[in-house]
Every structure is written in C-alpha cells, then in structure tokens.
Amino acid sequence: MIDPHRLRNELEETVRQLERRGYRLDKKHFQALELKRKEVQVQTQQLQQDRNVRSKAIGQAKAAGEDITPLKGAVSELGDKLKVTETRLEEIQQALQDTMLEIPNIPHESVPDGRDENDNVEIRVFGDKPVFEFEPKDHVDLGEGLKLLDFEAAAKLTGSRFMTIQGALARMHRALIQFMLDLHVREHGYLEVYVPYIVNAESLQGTGQLPKFSEDLFALQRDGRCDEFYLIPTAEVPVTNLLRDEILDEGDLPLKFVCHAPCFRSEAGSYGKDTRGMIRQHQFEKVELVQAAHPEQSYEILEEMTRHAETVLKRLGLPYRVVALCTGDIGFSAAKTYDLEVWLPGQQKYREISSCSNCEDFQARRLQARWRNPDTGKPQLLHTLNGSALAVGRTLVAIMENYQDGNGRIHVPPVLQSYMDGMTVIE
RNA sequence: GGAGAGGUGGCUGAGUGGUCGAAAGCGGCGGUCUUGAAAACCGUUGAGGGGUAACCCUCCCAGGGUUCGAAUCCCUGCCUCUCCGCCA
C-alpha cells in the first residue's frame, strides 16, 4: 500500500507517478470518498466525545449518590445516533481501504519508462554463450532422450504444466538447491528458514498478491469452505510475513533470510505461453532471498542482493544478462526490479531466471513491519526486498542446454560435482 | 478425537462494570554519580488516526451482544498452552 498521507496531500504528483507504470487512479472517486470520510469521521468523533463525557458524569453522579435516571435518558438517544454514524464511517473506511489495496507501488525515479518487457533496459551481460559444432537441442529433447524427464507421466498424475524428473537429473535438481542454499548461508550471510507452504489470505494481502491477483493462486478447500488457505506462489510470501506486526531493533538490520520452497502458480493468464518443457509449470522449486532493510540502505541492498543471485549463475558457468525492468513491467508491489536472464541455447534467447525487487515500504505498510528508529524513539516502516537466487527448474533447464554435448549427454558443472558424488556427466 | 487453562504495551505480567490506555518488573531513552564504564538512584517511555491548533477519537486476539458506561459480563470464531488418546 502506498502512503495514504501522500495520496491525500500530493494527489496530483502521485497520480502522475502511477501513470508512469500504466496505472490510472480514479482521482474523482478517491477524492469524493476522502471528503466523505473526513466529514463523517469528525462527526463521529464529536458524538463519541459527547458520549464519553456524559457517561463519565453519570459515573461521578452515581458515586456521589445522586439520582442518575434523567442523565441516562439523554445519553441513550445519543447512542442511537452514534451507532448510525459509526456504521457509515466504517463503510467509507472499508471502501477507502479496498481502493488503496488495489493501487500498485510507485516506481522509483531510476526505473526506466516503458510499456512492456520490450522497453526493459540491459544493464550488463556476463559470460560467453557456448558455441556448438552441432545443432543444440532444447531441454525437452535432451531430457526425454535420456529418459530422465517425463511430462506425460505428470499429466497422467495431475494434468498439464507438471513434470516428473528421474535419476541423475532429479539428483542434479536437488544438488542445485543444496548448492544455492549453502552459497547464500556460508558466503552471503543469510539465515536459512523453513516455512509453511500453505498460507492464509492475510499473508497474501501483506505481500500484495491479494486482493488483486487471486486468479494466479491455488486456493485450498477445507470443510467445504474455500478462500481461507492458499498454496504459496513464492517463498517471498511466508518469509516476508515473518516480519508482520514485528518491531525490529535498528541493530538487527538488515535481516537476511534464504529459503527453499516449492512454488505453486495457476498461470491462469498464460494459456498457450511456454507450453513446451519446464519453463512455465504449476509447481516449481525456488531458492528465495528476502531482506528487511533500513530505508536508507534498501537501494544499496538491492544491488547487493542482485549480485548474490548473479553469483549463482557465475559459479554454475551460465551466461546471463541483467535487465532493469521498465515502469510498465515491474510487479505490483515493487518500486524497482532487476531481472536476471539466462541464455538458453535451445531457444536462442535470454529467459528470466531471477527477479530482484525493492518494495520499499509498500509491503511493510500492509504488514505493519517496522523497526524502532532510535533518533525518534518511534516505530518506522521497514523496506522489504526479495529476489530469486534462483528459480531451480529454470536453472536446471539452463544447465541442460548449455552443458550438452553432441551425444546428447549433459555435463555436470564443476561446482555441483561434489553434491553428486563426483559425477561429471549425465548420460 | 476427549478434558482443562489462557490470549493485556517492545517483553514479562497485574487488573472482573465508572478519570484504566491500563499497576509492577524488565528493556529503551535522559540525568546524577564516575577519568570512563558498570552498579545504584532520579526522571521519562504504547500504537494508530483526526484537527492550523488547543485538543479529540480509536485500540487490552477478532467479530457480534448486554449497558448511560466494557480490558472487565454474554455469544461466536481464531490462536496458544497443559493432560489423555491417536499418529509421521
């Protein structure tokens, strides 16, 4: 949620900044609601004050042994009036809240203007694309050729957009998770956490997936009731929600979490997109970085966190590039995002493998995630950041395609060999 | 699944109908003392919101109800803990 004060006091400017990312705020609607809110709130508070004063007087009269019957009658009427305005105020505030929960974050000034992913800006490129003396296969042909990847089996078990992996490839998949976790824990100083894969609606509202993006989620039913629990679409949700309703000490910042978790996405809006292979699945594994930061440090930390994600690609020897998402392509909760795109020889394209975002205080406000500022003694909103480091399924795809040889074998990147009993090639 | 106990400020914890937004302790902040620190002592210290301001309102898990008045009484839900049973 963006700052309500900002919305009230700098509405024009805020509207302009939201337009940069293609969001049109209904200014009239908001202003009308806000005007009504003010009027009804003042009225309600006056009535409340009146009631409080009179009730107190009744208490004193009673203590003095006076007759309180006439006093009671007058306050009784007041109570009825109060009930009406209180209800009205509640409705208005709810409407205002509903409106504000659907407004996306304001893009940081450094975010390039643009409409969609075509306007994203390449920041840096790393690694050499592999040169093959044969026609490189894509990961589906490689995996099915080795009988290690089976989409039909998964379709039988569940449906489309699921997969099964077997043997050495399943092992490499697991090795990747271990490797990434170890790297971030040992060298980057993150605290490993294990969290629930099922969360409630409140958590999803905290990080911004709800109320607006329910169609992207898998909702669970229990006792015939739904809409209470959801499968997590990313570990960002449970991990960032660890901060909910907490007040941290300044000395605790930045708080750095790393978490491996499966992610579940309904991909409702992407029929026909990436239907081949494991690029876009309903279920995939991800190692996620989450940080709670001092507001003045969050942009430094975004750079650092992006480097942490890049380190995974570098150690694995995968060519990639970093792009800054444009205003039209950043996510709902993000103020700024870098995507890491890995080179896929099978597609002859860079494909997203990580997304690192600074949400500033947007999520923190929804979460009431704060730190105590020693200068003021007051709690103040944190900045939250999250980044994939990395999406495991897509990393596996990248290794398969970049490390293939002319015989359809897949070589094991050196850093993974110790996680696979020294195995050097999958054949 | 059965039986019981409980959810109060940053934390621990008192408070069972009327200046209670809430005792006390811890923690935090400021001060005295000290070369400095610790200890001791004194003071101070919840959050959110409205208003130019004085000031006012809301909040004691959540939602309803009773009452002139609710942290306190009643109902529902959620959560936590203890014991028994079952179980990976």
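Lettering follows sequence order; numbering is per chain, from 1.
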*Go through the structure and list residues passing ring-ring contact (aromatic ring centres under 6.0 Å, His included) with A:Phe179, not counting sequence neighbours.*
none
*asked:* Distance check needed: B:rG10 P versus A:Glu250 CD, whole Å only.
replied: 18 Å
_Please report the distance, rounded to the nearest Å, between CD in A:Glu90 and P in B:rU58._
13 Å
_Side chain of A:Gln45 - closest among B:rG10, B:rA47, B:rC56_ = B:rC56
*asked:* What's the closest nucleotide to the side chain of A:Gln49 if the choices are B:rU58, B:rG10, B:rC56?
replied: B:rC56
*Between A:Asp141 and A:Arg276, is there a side-chain N and carboxylate O pair less than 4.0 Å apart?*
yes
*Quick one: A:Arg37 CZ to B:rC57 P, roughly how many Å, whole number?*
17 Å
_Any residue of residues 50-62 of chain A with a heavy atom less than 4.0 Å from an atom of RNA chain B_ = A:Arg51, A:Asn52, A:Ser55, A:Ile58, A:Gly59, A:Lys62
*Identify the nucleotide, in any strand shown, that forms a Watson-Crick or G-U wobble pair with B:rU82, with both distances under 3.5 Å; if there is none, say none.*
B:rA3
_Any base atoms under 4.0 Å from A:Pro379, or only sugar-phosphate, or nothing? Heavy atoms, all strands._
sugar-phosphate
_I need the CG-P distance between A:Leu381 and B:rA47, as an integer number of Å._
13 Å
*asked:* I want to verify a distance call: between B:rG48, B:rC68, B:rG51, whose nearest atom is closest to the A:Lys38 side chain?
replied: B:rG51
*asked:* Just the rounded figure in Å: distance from P of B:rU52 to CG of A:Asn9.
replied: 10 Å
*asked:* Whole angstroms only, please: what is the CZ-P distance between A:Arg370 and B:rA47?
replied: 8 Å
*Please state how far atom CG in A:Asp245 lies from atom C1' in B:rA62, giving the value in whole angstrom units.*
13 Å
*Which residues share a ring-ring contact (aromatic ring centres under 6.0 Å, His included) with A:His188, sequence neighbours left out*: A:His184, A:His308
*Whole Å only: how far is the CD atom of A:Gln46 from the C1' atom of B:rC55?*
12 Å
